[in-house]
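Note that ligands are numbered from 1 as they come in the structure, with each ligand's atoms numbered from 1 the same way. For the single chain, residues carry numbers from 1 onward in sequence order.
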Amino acid sequence: MSQEPPCSSASSGFELIELNDPLAVAEHVAALLLNERRRRPELPLGLATGRTMEPIYQALARQLGQLPFAEGERLRERWLSFNLDDYVGLAAGDPRSFRAAMIERLVLPLGLDPERVRLPDGAAPDPDAEASRYGRELEAAGGVGLQVLGLGLNGHVGFNEPPCEAHVQCRCVSLSASTRAANAPAFGGNPEAVPARAITLGLAEILAARSILLVVTGAAKAGVLRWILQGPPTPELPASWLHRHPRVMVVADRAALGRGDNG
Ligand code: GLP
């Protein structure tokens, strides 16, 4: 579907795919996700939320809709995904929760059973117990097959804020001021309205995925992405721990790679 083949290279052990813009990234990543569901249906996908992911889920719905009916139905029926994270303290059904975002952007457009799109329950009365339970649920499902990650401006993945060690597991965390500011648009632009805590899978569960796809778009991420591609791993940039994983693909647009002419 894309007119030109993506430019691919290895960078510090990462396979790097460079594409023109966020829409080309979305089509490419959506195709990889569908392939993963075909190739390794027994293991759940690991999914993320955030603005980077929005065009990916749109492309996924379109590509799934173009499959022969029986194949599309098979993929829907066998769907299983675990999201990285959700805010703590929003009421169940709050439209600003990541659960609500996944229902709107993935469950409804793809026609999935919501029970097969798993997220931690940020409205649980005991968030620490819920984090442990969610980690155990993922483990019982066999761990993640392909983990898709967005990248925070401060180098976070999931809600693993710096400083963060590679061994941390699913847990309750405090969000940094910069992350609350970055996510404020969904909360009327007010960082104080962004919940202060979240449940997130840890680097331990992320690095246990069989393969990892780090998706980065936009010039605002160019600086942090450059640090991460260069390595070495450091707690100050949680995504840099991905260098410890043997199968990481980075899919980025030209702007995120600092090419500068695509905004
Ligand atoms: C958020 C989420 C991450 C997401 C990242 C980037 O806070 N916890 O899962 O991937 O930060 O978000 P965006 O794509 O909106 O830049």
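Near Phe159, with a cut-off below 4.0 Å to any heavy atom, the atoms of ligand 1 are 7 (O), 8 (N). Every atom of ligand 1 is numbered from 1 in the order shown, and the set under 4.0 Å from a heavy atom of His156 is 1 (C), 5 (C), 7 (O), 11 (O). Of all atoms in ligand 1, listed by their number and element, those nearer than 4.0 Å to a heavy atom of Gly150 are 10 (O). Ligand-side atoms of ligand 1 in range of Thr52: 13 (P), 14 (O), 16 (O), range being under 4.0 angstrom from any heavy atom. Residue Asp85 approaches ligand 1 through these ligand atoms, each under 4.0 Å from one of its heavy atoms: 2 (C), 8 (N), 9 (O). Counting the atoms of ligand 1 from 1 in the order shown, those under 4.0 Å from a heavy atom of Thr49 are 4 (C), 10 (O).
Here's the thing with Thr179: none of its N/O atoms is less than 3.5 angstrom from an N/O atom of ligand 1. Taking only nitrogen or oxygen atoms, main chain and side chain alike, Met53 does not reach within less than 3.5 Å of ligand 1.
Under 4.0 Å from ligand 1, not a single heavy atom of Thr200 appears.
Ring-plane geometry between Phe187 and Tyr87 is classed as perpendicular, the angle between the planes exceeding 60 degrees on a 0 to 90 degree scale with a lower cut at 30. Classified by interplanar angle (parallel below 30°, tilted 30° to 60°, perpendicular above 60°), the ring pair Tyr134/Phe82 is tilted.
Compare Arg180, Lys221, Arg51 by their heavy atoms: the one nearest to atom 16 (O) of ligand 1 is in Lys221.
Put simply, the side chain of Val88 reaches to within 4.5 Å of the side chain of Ile199, judged on heavy atoms. Put simply, the side chain of Leu84 reaches to within 4.5 Å of the side chain of Leu149, judged on heavy atoms. Side-chain contact between Asp21 and Thr217 is absent, with no heavy-atom pair separated by less than 4.5 Å. Residues Ile212 and Leu146 are not in side-chain contact: their nearest non-hydrogen atoms beyond the backbone lie 4.5 Å or more apart.
Counting protein heavy atoms only, atom 3 (C) of ligand 1 is closest to Gly158 O, 3.6 Å. Among protein heavy atoms, atom 6 (C) of ligand 1 sits closest to Leu151 O, 3.5 Å. In this structure, atom 12 (O) of ligand 1 lies nearest to the protein heavy atom Gly50 CA, 4.1 Å.
A salt bridge links Arg39 with Glu36: the closest approach of a Lys/Arg side-chain nitrogen to an acidic carboxylate oxygen falls below 4.0 angstrom.
With hydrogens and angles left out, the side-chain atoms of Thr179 and Glu161 include a donor and acceptor closer than 3.5 Å.
By the neighbour-count criterion of 12 heavy atoms within 6.0 Å, atom CD of Glu54 is densely surrounded, having more than that number from other residues, nucleotides or ligands.
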